[in-house]
Amino acid sequence: VVRAPLIAARASRARARGARRLSSVIVAARASSDARCFVFSAHRYEDETLRRALPNATYSSARLSLDTASLAQGHDAVCVFVDDDARGEVVDALAERGVKLILLRCAGFDNVDCERARERGISVLRVPAYDPLSISEHAVAMMMSLNRHLCASRDRLRMGNFTLDGLVGSSMRGKTVGVVGTGKIGRGVAEILKNGFQMRVLGYDKFEKDDFCGDYVSLDELLARSDVVSLHLPLTPETRGMICVETIAKMKEGTILINTSRGLLVDARAAIDGLYSGRIAALGLDVYENENRLFFKDFSSMNTNERMLVWDETMAILGSMPQVLVTPHTAFLTHEALDEIAKHTAENFRQFCAGERLEGANVVVDASVSAASTTT
Ligand code: NAD
């Protein structure tokens with residue numbers, strides 16, 4: 001209601017351009033050829049891709065939070081990544097600074113308060129898939145590294161220790177992998193392990209897929225029968241804390257557990273208890289419940305007092321365990337995936353600026369839809 005005069009003025013300009021009648025009010029609100037984009041959490045590894053695709057954007061290494069939202073002042077769009085914080089109050093702060101679009105350089109949108117974005121007239125676009133096999137391959141690399149003790153071997157090498165005791169692994173052939181979430185990434189993992197390693201594949205999914213190469217079973221059965229459990233689910237209220245004391249107790253003794261999805265799927269303290277008890281033989285985490293305080297940062301040059309302020313005791317315990325492998329959300333980090341992220345992000349921005357109808361799997365929130373319905 002407050003924005004009605006602005007929207008009406010822009011609508012008349014849009015009609016003049018012959019924009020589609022139904023969505024003209026909204027289209028006008030976002031159509032602008034000189035729209036400006038502020039990129040949060042910009043990393044050097046994106047220099048060759050994102051900076052080329054969005055050459056006129058403003059780049060900052062700052063992570064989006066309530067403290068940094070003011071950087072977006074004067075920009076129509078913000079471009080964010082997995083660990084940027086776009087909770088309700090941050091969305092409010094962006095809206096107050098005139099932001100109308102959140103461009104996610106990732107598929108998951110659990111870090112954005114989408115309802116608040118819609119209320120505040122902010123559209124949210126994402127990259128629904130970027131070379132999903134890159135993430136599948138990383139999950140397989142983690143399980144193989146843990147199974148064959150590659151990290152322990154490397155640690156020993158540095159100390160001049162070439163002994164074999166403690167490095168015995170298992171052949172994957174004939175073992176069972178449980179794929180929890182059989183979407184694009186989970187199906188990739190299933191196919192690699194079935195075709196490449198001749199593993200038996202079990203799957204659990206809320207929406208079973210016809211082209212899944214394994215057998216669907218209940219989650220309890222999957223946990224009870226699998227030698228390796230690999231998680232490939234989005235973070236939702238339903239999946240949050242899915243791997244906890246109760247579900248770990250249902251796992252086979254000596255399970256290798258891999259999480260490349262979202263940290264909050266796994267209760268890390270419960271996983272540590274599972275490692276102590278031997279229920280979990282090895283743990284591979286590319287994501288972590290508290291990763292937005294840790295990942296993509298370097299604490300090594302801080303003085304001790306500063307470092308202790310951010311010290312994560314749970315991560316310290318995980319880091320001390322030879323049967324744990326943590327990678328800092330790097331499963332997606334391939335040239336192929338970065339190219340796709342940059343290409344799709346730039347295309348999302350272009351569509352928005354051109355006032356095109358937002359539709360497809362890239363649309364998380366089309367603020368024009370609610371705005372249109374409230375005006376009719
Ligand atoms: P997808 O949407 O193709 O597959 C997700 C699957 O989970 C779907 O089959 C869906 O039916 C299933 N599912 C959803 N809710 C469920 C529930 N409550 N119970 C059971 N099944 C449920 O997604 P994807 O591309 O395979 O990605 C999976 C996840 O991987 C993403 O949500 C994201 O969090 C994560 N991811 C991580 C990285 C990384 O670099 N580590 C990169 C990309 C994606």
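Whatever order the structure lists them in is the order used to number ligands and atoms, beginning at 1.
Using a 4.0 Å cut-off to heavy atoms of Thr239, the atoms of ligand 1 that qualify are 17 (C), 18 (N). Listed by atom number, the atoms of ligand 1 under 4.0 Å from His232 heavy atoms are 5 (C), 6 (C), 7 (O), 28 (C). Within ligand 1, counting atoms from 1 as listed, the ones closer than 4.0 Å to a heavy atom of Phe332 are 40 (O). Close contacts of ligand 1 with Tyr130, meaning ligand atoms under 4.0 Å from a residue heavy atom, involve 42 (C), 43 (C). For ligand 1, the atoms sitting less than 4.0 Å from at least one non-hydrogen atom of Tyr204 are 20 (C), numbered in the order shown with element in parentheses. Listed by atom number, the atoms of ligand 1 under 4.0 Å from Asp286 heavy atoms are 39 (C), 40 (O), 41 (N). Atoms of ligand 1 found under 4.0 Å from any heavy atom of Glu238 (numbered from 1 in listed order, with element): 18 (N).
Pairs passing the side chain to side chain donor-acceptor pair (under 3.5 Å) check and including a residue from residues 179-196, sequence neighbours excluded, read Thr182-Asp205, Thr182-Tyr216, Arg187-Asp211.
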Show the atom names and distances, to 0.1 Å, of all donor-acceptor pairs under 3.5 Å that link a side chain in residues 168-179 to residues at least two apart or in another chain.
unit_1, atom_1, unit_2, atom_2, d
Ser171, OG, Arg173, N, 3.2
Lys175, NZ, Ser171, O, 3.0
Thr176, OG1, Arg200, NE, 3.3

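Of the protein's heavy atoms, Arg262 NH1, 3.7 Å lies nearest to atom 33 (C) of ligand 1. Nearest non-hydrogen protein atom to atom 23 (O) of ligand 1 is Lys184 NZ, 4.0 Å. Residue, atom and distance of the protein heavy atom nearest to atom 10 (C) of ligand 1 are Asp205 OD1, 3.4 Å. Among protein heavy atoms, atom 22 (C) of ligand 1 sits closest to Leu233 CD2, 3.3 Å. Ranking the protein heavy atoms by distance from atom 32 (O) of ligand 1 puts Pro234 CA, 3.1 Å first. Protein heavy atom closest to atom 4 (O) of ligand 1, with residue, atom name and distance, is Gly183 CA, 3.2 Å. Looking at atom 26 (O) of ligand 1, its nearest protein heavy atom turns out to be Ile185 N, 2.9 Å.
Here the closest heavy-atom approach between residue Met242 and residue Thr247 is recorded as O-OG1, 2.7 Å.
Looking at Thr49, its side chain never comes within 3.5 Å of a backbone N or O of Ala342 through a donor-acceptor pair.
With a 4.0 Å cut-off on non-hydrogen atoms, Ile135 touches ligand 1 through its side chain and not its backbone. For Ala107, no heavy-atom contact with ligand 1 is shorter than 4.0 Å.
Checked against the 6.0 Å centroid threshold, Tyr45 and Phe296 do not count as a close aromatic pair.
Heavy-atom distances between Ala331 and ligand 1 reach below 4.0 Å in at least one pair. Under a 4.0 Å heavy-atom criterion, Thr236 is not in contact with ligand 1. Contact annotation: Lys209 has at least one heavy atom less than 4.0 Å from an atom of ligand 1. Ligand 1 has at least one atom lying under 4.0 Å from a heavy atom of Ser261.
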Check step by step if side-chain hydrogen bond (donor to acceptor under 3.5 Å, both in side chains) holds for His138 and Ser136. CA-CA 5 Å; His138 191 87; Ser136 312; over 6 Å; no
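Here Lys206 pairs with Glu238 in a salt bridge; the nearest charged N to carboxylate O distance falls below 4.0 Å. Glu246 has no carboxylate O lying under 4.0 Å from a charged side-chain N of Lys250, or vice versa, which leaves the two without a salt bridge. Between Arg116 and Glu89 there is no salt bridge, since none of the side-chain N atoms of the basic residue sits less than 4.0 Å from a carboxylate O of the acidic one. With salt bridges taken as basic N to acidic carboxylate O contacts below 4.0 Å, none links Lys343 and Glu340. The pair Asp83-Arg63 does not count as a salt bridge, with every side-chain nitrogen at least 4.0 angstrom from each carboxylate oxygen.
Comparing Thr260, Thr327, Val82, Val179 against atom 41 (N) of ligand 1, the shortest heavy-atom distance belongs to Thr260. The residue from Lys206, Arg240, His329 that puts a heavy atom closest to atom 21 (N) of ligand 1 is Lys206.
His329 and Phe81 have tilted rings, their planes meeting at an angle from 30° to 60° on a 0 to 90° scale.
In this structure, CZ on Arg279 lies 12.5 Å from CG on Asp273, to the nearest 0.5 angstrom.
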